[in-house]
Amino acid sequence: MEVRVNNLTKRFGKTTAVDQINITFQDGKLTGLLGPSGCGKSTTLYMIAGLESATEGQIIFGDQDVTTWMPEKRNIGLVFQNYALYPHMTLRENIAFPLSNMKDPETGKKYTRQKRNEMVEEIAKLVQIENMLDRKPGQLSGGQQQRVAIARALVKKPDVLLLDEPLSNLDARLRMEMRTEIRRIQQESKVTTIFVTHDQEEAMSITDEIVLMKHGVVQQIADPHEMYLNPSNDFVASFMGNPPISYVDVQVKDGFAVLDNGMKLPYHTDYCGAAKMGIRPEAWAVGGDIGVKLTDVEMRGQDQVVSFALGKNRIRAILNAEEYVRSGQEIGLRLLEKRCYLFHPETGVRL
Amino acid sequence: MEKVKTAKKEKQPKYRLVEMSDGTLRVRSAWAYAYILPAMALLLLFTLYPLVMVLRTAFYQKYIYITNTGTGFGMSSFIWVLKDPTFWMACKNTLILLLIALPITLVIALGAALLINSIKKLQGFFQTVYFLPYVTSTIAIGMAFLWLFHSDYGYINYFLEFLGIPPQKWLTDPDLMIVTLSIFSIWNGLAFKILLFLAGLQKINKQVYQAARIDGASPAKTLFRITLPLLSPTIWMVILVSVIYVARTFNEVYAMFVSYAGGAAGTGNAAITIMYYIYWMFYDQGKVNYAAAAAILFLIVIILITVVQRVVSKKFVHYV
């Protein structure tokens with residue numbers, strides 16, 4: 001089911017947590033709500049869930065305005081950051097709990113015990129916990145608890161699945177594993193999914209579309225490629241990518257971007273004047289006429305991150321791991337123009 | 001660096017490590033006994049020694065308190081106590097307090113805690129108000145209750161009169177005295193239980209309730225399937241504490257009834273409890289060996305209750 005929010009606003013007293021946002025979450029797609037902490041992404045999710053009321057604006061599921069509906073009426077599944085499993089129930093009871101509060105749409109009566117068990121086992125198979133249904137949540141690892149929480153959210157066949165920072169309580173290896181799992185489960189169940197995260201890598205790796213927020217305002221809505229390669233402002237450019245983009249203040253003129261110290265970087269554009277130039281670390285390559293002195297070299301295996309000063313600014317670049325460079329060495333680099341972006345020096349808007 | 005090394009070599013370690021059956025290592029040291037010595041000394045002096053002395057006294061046929069001498073040895077004190085109708089009245093009253101008054105207290109306290117927990121504003125205020133009786137002396141509260149229940153001037157009879165019910169002799173009618181005692185006991189037990197229940201409720205993860213809402217659980221279902229099971233360790237702990245506390249009811253009796261009836265617990269000892277019986281036998285009747293025998297019988301019952309509670313808790317309490 002397609003989910004739309006129109007001019008959605010949430011104010012807590014005088015602070016505005018979410019400010020007039022308009023988003024369309026496409027049917028059957030996995031959308032990431034991304035942003036730094038305090039940007040309003042979780043508040044947005046909880047408003048869609050109905051656990052927070054909207055101060056202004058509408059929330060529309062399909063063609064129904066659900067803004068004032070109680071959460072239990074919205075037919076959503078929600079996975080909490082700390083899973084919020086019922087600790088005194090077995091996994092089977094946990095997953096069956098939503099069903100025990102519903103009527104079977106086929107018969108109009110309560111689900112029979114047999115039908116309930118069938119549904120629980122089917123969903124348990126999807127999230128691969130079918131052999132531990134008689135355990136209690138306390139006996140499971142974080143990743144397994146995560147799977148139970150997803151199963152409990154999916155068992156009632158919700159129109160929308162909402163995930164609130166589902167991976168943040170897992171260790172690094174499990175996080176990688178679970179994010180592919182969430183992707184697989186979402187593709188198999190084909191449920192419209194909204195996924196809140198503060199981790200740009202997580203968002204880029206599994207979502208169909210990313211909504212990037214800051215201070216309650218949507219910065220850009222785009223698919224991961226577009227978001228990374230075509231940022232609409234300097235915040236988006238900074239937030240996406242690791243190591244992050246580096247900036248230099250330049251004057252752009254006649255095919256060059258000129259730094260404060262007079263150094264010239266080749267850059268072809270119609271724009272002319274002052275700008276903030278963002279350079280992705282992978283825009284650099286060894287072998288060119290831009291002479292720099294490396295201040296730091298971080299070997300990462302598949303590549304290496306080097307730092308150097310360009311004018312007053314510290315720049316980070318990713319170089320091929322085979323280039324044997326050391327800290328303090330002077331090398332010549334060249335710049336790939338299409339991975340450099342110009343932003344307005346004050347507003348940060350892409351030029 | 002060098003100094004540390006030599007120091008280590010010279011000193012013999014004062015402890016050794018012992019491997020336990022589950023593979024963990026434990027420190028064994030003679031010093032450990034020194035550390036628990038103060039606590040042990042107090043325990044021996046004030047708990048174990050009196051207990052042994054009570055046992056000894058209970059088995060005398062005759063015992064003179066002043067000289068601490070007894071004659072005859074046997075079960076006669078126990079037999080006398082078990083044949084004493086006042087002892088059985090004390091047992092009956094204590095059972096009424098345990099089986100009727102205590103459950104009522106628990107239900108009211110739980111209800112009040114649930115209500116206080118669900119309000120957002122003034123929660124701290126109500127918490128304080130409900131806790132005030134706990135920090136007030138039972139004797140002082142008893143004084144206030146004396147006046148409330150007074151046959152001629154009491155507010156309770158005044159209120160009953162308002163409803164058209166004739167005034168009752170709350171403090172002197174032998175049939176009513178256990179009711180009065182129960183009401184006092186219920187009221188007096190509320191504060192602490194409300195506080196403990198509130199603490200237990202506030203420990204439950206709020207997101208579990210949000211999850212229950214998303215899962216479509218009705219408020220009643222949330223209470224019975226989520227709140228109460230998750231609160232069960234607290235409920236159980238409160239029951240454990242209050243069963244022992246109520247079984248030892250003494251202050252309430254002393255404050256409300258004794259002033260009316262000399263040394264006895266109200267008219268014809270009608271409000272007597274086991275604890276008061278022991279006290280009354282000792283101080284008022286001067287039958288120390290009977291008081292000791294009653295105390296030993298009481299101890300046996302308490303131990304039995306504790307055993308039952310252990311068995312029950314394994315079955316019904318969800319420790320998470």
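So that the names make sense, note that chain A is the first sequence line, chain B the second, and so on, each numbered from 1.
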Residue part contacting chain B, namely of [X], when any heavy atom lies under 4.5 Å:
{"X": "Met89(A)", "result": "side chain"}
{"X": "Tyr83(A)", "result": "neither"}
{"X": "Asn75(A)", "result": "neither"}
{"X": "Leu99(A)", "result": "neither"}

Mark yes when over 12 heavy atoms from residues, nucleotides or ligands other than [X] sit less than 6.0 Å from its [atom1]; otherwise mark no.
{"X": "Met40(B)", "atom1": "CE", "value": "no"}
{"X": "Phe12(A)", "atom1": "CZ", "value": "yes"}
{"X": "Arg183(A)", "atom1": "CZ", "value": "yes"}
{"X": "Lys206(B)", "atom1": "NZ", "value": "yes"}
{"X": "Lys115(A)", "atom1": "NZ", "value": "yes"}
{"X": "Tyr130(B)", "atom1": "OH", "value": "no"}
{"X": "Tyr134(B)", "atom1": "OH", "value": "no"}
{"X": "Asp63(A)", "atom1": "CG", "value": "no"}

Inset, instruction - List the atom of Ala84(A), the atom of Ala211(B), and the distance in Å for their closest heavy-atom pair. - result: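 Smallest heavy-atom distance, with atoms named: O-CB, 3.9 Å.
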Inset, instruction - Might you point out which heavy atoms bring Leu230(B) and Pro87(A) nearest each other, and give the distance in Å? - result: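 Closest approach of Leu230(B) to Pro87(A): CD2-CG, 3.3 Å.
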With rounding to the nearest 0.5 Å, note down the distance linking [atom1] in [X] to [atom2] in [Y].
{"X": "Gln210(B)", "Y": "Tyr46(A)", "atom1": "CD", "atom2": "OH", "result": "5.5 Å"}
{"X": "Gln207(B)", "Y": "Leu78(A)", "atom1": "CD", "atom2": "CG", "result": "8.0 Å"}
{"X": "Asp215(B)", "Y": "Met102(A)", "atom1": "CG", "atom2": "CE", "result": "10.0 Å"}
{"X": "Arg74(A)", "Y": "Ile214(B)", "atom1": "CZ", "atom2": "CD1", "result": "8.5 Å"}

Inset, instruction - Output, in order, the C-alpha distance, side-chain angles, deciding distance and verdict of side chain to side chain contact (heavy atoms under 4.5 Å, CB included) for Tyr86(A) and Arg225(B). - result: CA-CA 9 Å; Tyr86(A) 309 123; Arg225(B) 289 292 309 275; over 6 Å; no
Legend entry - Candidate pair Phe80(A) and Asn205(B), rule side chain to side chain contact (heavy atoms under 4.5 Å, CB included), full reasoning: CA-CA 12 Å; Phe80(A) 291 88; Asn205(B) 182 357; over 6 Å; no
Legend entry - Which of Ala49(A), Ser100(A), Gly138(A), Pro158(A) touches chain B most, by non-hydrogen pairs under 4.5 Å: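 Maximum pair count with chain B is reached by Ser100(A).
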